[in-house]
Structures are given as structure tokens and as C-alpha cells.
Amino acid sequence: MSNIAVVFWSGTGNTEAMANAVAEGAAAKGAEVETVQAADFTASSVASFDAIAFGCPAMGAEELEEGEFQPMWDDVKPELADKKIALFGSYDWGTGEWMDTWREDAEDAGANVVDTVIANNEPDDEALSACNELGGSLA
């Protein structure tokens, strides 16, 4: 059985809804899942999990949330070498460029990014289904 963390930051609840769908998808495939707020996840937590899904909405000029998520991301990134991860989040403007930048950053750190999912504003049924499948791909 896989042990999976779903680590997220959500300001409006959109990314939290996506996180819940990711967790449900992983659990449906038999994984043990722990959902964690970004502020409660550290580099020392990484080794406890077989795979990790990270969720953060686009903020500002299509970038990760700076107060809690970015510091956590910078802390854990060196520990992600060869770790299977997934990335997800919502956005309200732009083209989703933050996800491409984020994926590149993760891959440059040596992480094995299995896939990404983005949703424009509140995730619709299609986005939630994609998140569910994303969680299943980590199990």
C-alpha cells in the first residue's frame, strides 16, 4: 500500500476542493492518504511518503503563494529527488503559466512529476475528475 501526502494551500477553497478530490482518488486505489496544510509540511516530512501531491493556486503575476506555500516548497524541494509527485491548483487569470514554471522547477530538483491539473476558478466536474485520476496515478 502506498503512503501519499496531499499538501496544499487554499485561499478561497478552490484548491482545497481539488486536494480533496486528489485524496479521494488515491484512497480509492488503496493508498493511505494524509491531507496536510502547506504550513504543516516540512522537508523532514518528505521521506515518510511514497508520493506527494502539491496544490497551490496561482497568485500575483502567476506565481505560488508567497506567505506559506513558497517557503514550504523551497524547504522540501531538495528532498524531492526521484520522488513521485503531482501538482495541481486553480487560477483566475492568465494562461496557467505558473503551473508550467512550477513543473519545471520540480523537475529541475529531480522530482518525477507524473502529471498536473489546473482549474480556472472553482473546479468544475471535469477538473475534479482529473484531480481524482491524478490521485489515483500516485497510488
### Message
Walk me through whether Lys84 and Asp50 qualify under salt bridge (Lys or Arg N to Asp or Glu O under 4.0 Å).
### Response
CA-CA 7 Å; Lys84 187 161 69 164; Asp50 301 310; over 6 Å; no
#### Entry: Test log, rule side-chain hydrogen bond (donor to acceptor under 3.5 Å, both in side chains), inputs Asp74 and Gln70
CA-CA 6 Å; Asp74 291 339; Gln70 186 71 55; 2.9 Å; yes
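Following chains of ILVMFWY side-chain contacts shorter than 4.5 Å, one cannot reach Phe49 starting from Ile4, and the two form parts of different hydrophobic clusters.
Remark: side-chain polar atoms of Trp93 are paired, donor with acceptor, to backbone N or O of Gly60 under 3.5 angstrom. Side-chain N or O atoms of Asn3 include one that pairs as donor or acceptor with a backbone N or O of Ser48 at under 3.5 Å.
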Could you pull out all donor-acceptor pairs under 3.5 Å where a side-chain atom in residues 122-134 meets a protein atom, sequence neighbours excluded?
| residue | atom | partner | partner atom | Å |
| --- | --- | --- | --- | --- |
| Asp124 | OD1 | Glu126 | N | 3.2 |
| Asp124 | OD1 | Ala127 | N | 2.8 |

When the side chains of residues 37-46 are checked against the rest of the protein, which donor-acceptor pairs come out under 3.5 Å, sequence neighbours left out?
| residue | atom | partner | partner atom | Å |
| --- | --- | --- | --- | --- |
| Thr42 | OG1 | Ser44 | N | 3.4 |
| Thr42 | OG1 | Ser44 | OG | 2.9 |
| Thr42 | OG1 | Ser45 | OG | 3.3 |
| Ser45 | OG | Thr42 | N | 3.3 |
| Ser45 | OG | Thr42 | O | 3.4 |

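Using a 4.5 Å heavy-atom threshold, the side chains of Leu87 and Met99 count as touching. In this structure the side chain of Met18 reaches within 4.5 angstrom of the side chain of Val117, judged on heavy atoms. Inter-residue side-chain proximity for Trp9 and Glu65 is flagged as met; some heavy-atom pair is nearer than 4.5 Å. With contacts defined as side-chain heavy-atom distances shorter than 4.5 Å, the pair Trp98/Met59 does not qualify. Side-chain contact between Leu138 and Val114 is present, with at least one heavy-atom pair separated by less than 4.5 Å. Under the 4.5 Å side-chain criterion, counting only non-hydrogen atoms from C-beta, Glu62 is not in contact with Tyr91.
Counting all heavy atoms, side chain and backbone alike, Ser2 lies closest to Ala139 at OG-C, 3.4 Å. Here the closest non-hydrogen pair linking Thr15 and Ser90 is OG1-OG, 3.2 Å. Counting all heavy atoms, side chain and backbone alike, Val33 lies closest to Ala27 at CG2-N, 3.7 Å. Closest heavy-atom contact between Val7 and Met72: CG1-CE, 3.9 Å. Looking at every heavy atom in both residues, Val113 comes nearest to Arg103 through O-NH2, 3.2 Å. Listed here is the closest heavy atom pair of Val22 and Ala53: CG1-CB, 3.7 Å.
For the ring pair (Phe, Tyr, Trp, His ring centres under 6.0 Å) condition, the pairs that include at least one residue of residues 71-90, sequence neighbours left out, are Phe54-Trp73, Trp73-Trp102.
Atom OG1 of Thr12 is separated from atom CG of Asn121 by 8.0 Å, given to the nearest 0.5 angstrom. Note: Asn112 CG to Asp82 CG = 8.0 Å, rounded to the nearest 0.5 Å.
Heavy-atom contacts from other residues, nucleotides or ligands closer than 6.0 Å to NZ of Lys77 number more than 12.
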